[in-house]
Amino acid sequence: MPKFIIKGGQKLSGEITVNGAKNAALKIIPAAILSTDTIIINNLPDIEDISKSFDLLTDLGAEIKKTGSSAEISTKNLNKIELASKLADKFRTSVMFVGPLLARFGEAKFPHPGGCVIGAGSRPIDLFLEGFKAFGATVEETDGKYYHVKAKKLQATNYFFSTVSVTVTESLMMTATLVPGRSVLQNCAMEPEITALAEYLNTQGAKITGAGTPTIIIEGVETLRAGVFNIMPDRIETGSFAIMAAATNSEIKITNCNPDHILSLLTIFNKIGVIYEKGKDWLLIKSAKNLKSYDIKTHEYPGFPTDLQSPYTVLMTQTNGVSLIQDTIYDRRLIWTDILSQMGANIVMCDPHRVVVSGPTKLYGKKIISPDIRAGIALVIAALLALGTTEIDNIYQIDRGYAKLDERLRKLGADITRAD
Ligand code: EPU
């Protein structure tokens, strides 16, 4: 399995460009099913989950032409409503194909999706199923492993989310675009990727209002036209690189980003002493000396993102004082901090949702394994800070979120190599 070998202690400097947002791209690809016209997607990140989404769409009968970071998709000849297990059970967002298939064909068959083990059990899909039922669909389930969702005729619905969920909000919004009548979704997630998806569907003829607020109203239409979608910059990459610069006290300019999407982090930077400048599409981290510790509690957007909790925890190992890190979204997203403790961090786990970090502490190079994407980038940041050499195994998990990370970090002066 490929590994990263990182020699810590190098000062980083220069510019790093942010890629298109993984969590926007992974929804736009299945959204192509909603229209029989040609869809063009630009600024796709070069990561494996995107290739897997294309494989799944191709298997359903779509035609896809890829050129660089763009793709032209036609789902006119789609001839299947069943997601192939060997493809779909490898990644969580395979479940994003179900809402569009149900809207277009009234039916979808699919296995329980795979993905990072960060939530309860094998990451539930109960809210998706509950949402599809609210549109009048029935769900046949085989041992919680395989599902058949079906409706003779979907009906518009009023649905209140008992738990705020990004992907379920997006799924039900996509389904509702083709359901006759007015659907109202309440207590929706408000992430920028949801707003971008709604704006894009509207350019294709959908009638969606309120995306980016807790209430989304969708007037169903019969068909959607062709569309062009330019994927927004990845806000989690932006935040990860900003934290990397702060943790290593390096001057780094982050380009092709939207700093307004990470205001929750920048507000904390103001409090703890990170000096930065920002423009419309760039962020320059200038210096980060004698930083203070500061507590965080993850929250749905626009609060502090759970996806930045792990890099932020590494930053807190370098700050003066004690900080409480609370991850409210997932049950298993703090387990990785045990690896950070093995590298020398002073971390006490209170319960699965809370750890206390005392800093500053020196970190030491180790042989470690990356458990998931975001813990993976956090461990890369820890390795860049550490005394000695760190070997990170299972970097497949890091590659899933950060394309060609080693090449991009070498340009900043990092001593990082990829080895088999
Ligand atoms: N949940 C359920 N049942 C469901 C769906 C979700 O209980 O049917 C729970 C989850 O286990 C979690 C909570 O609801 O405890 C909220 O999770 P949410 O559904 O919002 O997460 P998601 O939509 O599966 C997206 C991102 C995640 C990001 C979260 C929170 C995508 C593809 N994924 O996941 O990104 O952490 O929102 O912001 O958009 C990542 O990129 O590393 C990543 C995990």
Side-chain angles (χ1 to χ4, degrees), residues 19-31 45 47-50 52-53 91-99 110 112-134 139 141 144 147 149 159 161-174 187-197 214 231-232 234-240 261-262 264 298-312 326-334 336 352-353 370-378 397-403:
N19 289 330
K22 164 180 90 77
N23 287 346
L26 289 171
K27 327 301 170 49
I28 297 301
I29 296 169
I47 53 175
E48 200 168 311
D49 279 8
I50 300 297
K52 286 186 200 151
S53 289
F91 66 117
R92 168 89 180 162
T93 40
S94 59
V95 74
M96 298 308 291
F97 285 70
V98 178
F110 60 102
H112 194 91
C116 288
V117 183
I118 51 178
S122 56
R123 284 180 82 185
I125 60 162
D126 54 319
L127 296 174
F128 289 87
L129 303 178
E130 187 183 291
F132 297 138
K133 284 182 194 162
V139 179
E141 195 175 320
Y147 308 87
V149 181
Y159 183 77
F161 287 92
S162 53
T163 302
V164 178
S165 164
V166 176
T167 42
V168 186
T169 299
E170 293 164 324
S171 280
L172 301 192
M173 188 172 84
M174 287 196 277
N187 199 25
C188 296
M190 301 190 284
E191 269 63 6
E193 292 78 12
I194 301 174
T195 315
L197 176 62
I231 296 177
M232 65 164 79
D234 195 309
R235 65 194 162 89
I236 304 301
E237 260 205 5
T238 308
S240 304
H261 284 166
I262 53 160
S264 56
T298 64
H299 197 275
E300 294 83 12
Y301 189 85
F304 194 95
T306 170
D307 294 342
L308 288 180
Q309 167 267 114
S310 14
Y312 184 84
Q326 295 193 64
D327 199 313
T328 56
I329 313 283
Y330 294 114
D331 296 339
R332 301 188 193 187
R333 239 194 184 169
L334 284 166
W336 77 280
H353 290 280
S370 167
D372 68 75
I373 305 180
R374 307 303 172 190
I377 190 75
Q397 286 293 350
I398 305 173
D399 290 336
R400 283 183 56 215
Y402 302 84

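As the structure lists them, so they are numbered: ligands from 1, and atoms in each ligand from 1.
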Discussion item. Within the 4.0 Å heavy-atom shell around Thr163, which atoms of ligand 1 are there?
Written reply: 14 (O)
Fill in: Heavy-atom closest contact (Pro113 atom, Arg92 atom, distance)
CB-O, 3.5 Å
Response to the item:
Closest non-hydrogen atoms of Ile329 and His299, given as atom of the first, atom of the second and distance, are CD1-C, 4.1 Å
Item to complete: Considering non-hydrogen atoms only, spot the tightest contact between Ala25 and Pro45 and give its length.
Response: CB-CD, 4.0 Å
Discussion item. Taking the basic N atoms (NZ, or NE/NH1/NH2) and the acidic carboxylate oxygens, is any pair closer than 4.0 Å for Lys22 and Glu237?
Written reply: no
Discussion item. Heavy-atom distances under 4.0 Å decide this one: backbone, side chain, both or neither, for Glu193 against ligand 1?
Written reply: neither
Item to complete: Considering the heavy atoms of Asp126, write down every atom of ligand 1 situated less than 4.0 Å from one of them.
Response: 2 (C), 3 (N), 4 (C), 7 (O), 8 (O)
Worksheet item: Of all the atoms in ligand 1, which lie at a distance below 4.0 Å from a heavy atom belonging to Lys22?
Response: 40 (C), 41 (O)
Worksheet item: Any N or O of Leu26 that comes nearer than 3.5 Å to an N or O of ligand 1?
Response: no
Fill in: Close-contact set for ligand 1 against Ser165 heavy atoms, below 4.0 Å
18 (P), 19 (O), 20 (O), 23 (O)
Fill in: Residue pair Leu308 / Gly239: nearest heavy atoms and the distance that separates them
CD2-C, 3.7 Å
Worksheet entry | Close approach of Pro305 to ligand 1, heavy atoms, under 4.0 angstrom | no
Discussion item. Under 4.0 Å from a heavy atom of Ile329: which atoms of ligand 1 are those, numbered in the order shown and with their elements?
Written reply: 12 (C), 15 (O), 16 (C)
Worksheet item: Do Tyr301 and Glu193 get their side chains close enough for a donor-acceptor pair, meaning under 3.5 Å?
Response: no
Worksheet item: Which ligand 1 atoms are under 4.0 Å away from a heavy-atom of Phe128?
Response: 8 (O)
Worksheet item: Given that the side chain starts at C-beta and the backbone is N, CA, C, O, which of these parts of Met96 lies under 4.0 Å from ligand 1, counting heavy atoms, or is it both or neither?
Response: neither
Worksheet item: So Phe110 and Tyr147, would you call those rings parallel, tilted or perpendicular, with 30° and 60° as cut-offs?
Response: parallel
Worksheet item: Which ligand 1 atoms, with their elements, are less than 4.0 angstrom from a heavy-atom of Lys27?
Response: 31 (C), 32 (C), 39 (O)
Worksheet item: Is there a donor-acceptor contact under 3.5 Å linking the side chains of Ser240 and Tyr402?
Response: yes
Discussion item. For Glu170, which part has a heavy atom under 4.0 Å from ligand 1: side chain, backbone, both, or neither?
Written reply: neither
Worksheet entry | Leu127 and ligand 1 - part of the residue with a heavy-atom distance under 4.0 Å | both
Practice prompt. Could you tell me whether Asp307 and Arg333 have a side-chain N and a carboxylate O separated by less than 4.0 Å?
Written response: yes
Worksheet item: Do Asp372 and Arg332 pass the side-chain contact (heavy atoms from CB on, under 4.5 Å) test, and can you show the C-alpha distance, the side-chain angles, and the key distance before you say yes or no?
Response: CA-CA 11 Å; Asp372 68 75; Arg332 301 188 193 187; over 6 Å; no
Discussion item. I need the contact type for Leu129 against ligand 1. Using non-hydrogen atoms and a strict under-4.0 Å cut-off, is it side chain, backbone, both or neither?
Written reply: neither
Worksheet item: Going by the order shown, which atoms of ligand 1 are within less than 4.0 Å of some heavy atom of Ile125?
Response: 8 (O)
Worksheet entry | Closest to atom 44 (C) of ligand 1 (judged by heavy-atom distance), picking from Arg374, Arg400, Arg333 | Arg333
Fill in: Mutual orientation of the aromatic rings belonging to Phe132 and Phe128 [parallel < 30°, tilted 30-60°, perpendicular > 60°]
tilted
Fill in: Thr93, portion touching ligand 1 at heavy-atom distance under 4.0 Å
side chain
Discussion item. I want to confirm something. Looking only at heavy atoms, which of Val164, Asp327, Ile373, Thr167 is nearest to atom 16 (C) of ligand 1?
Written reply: Val164
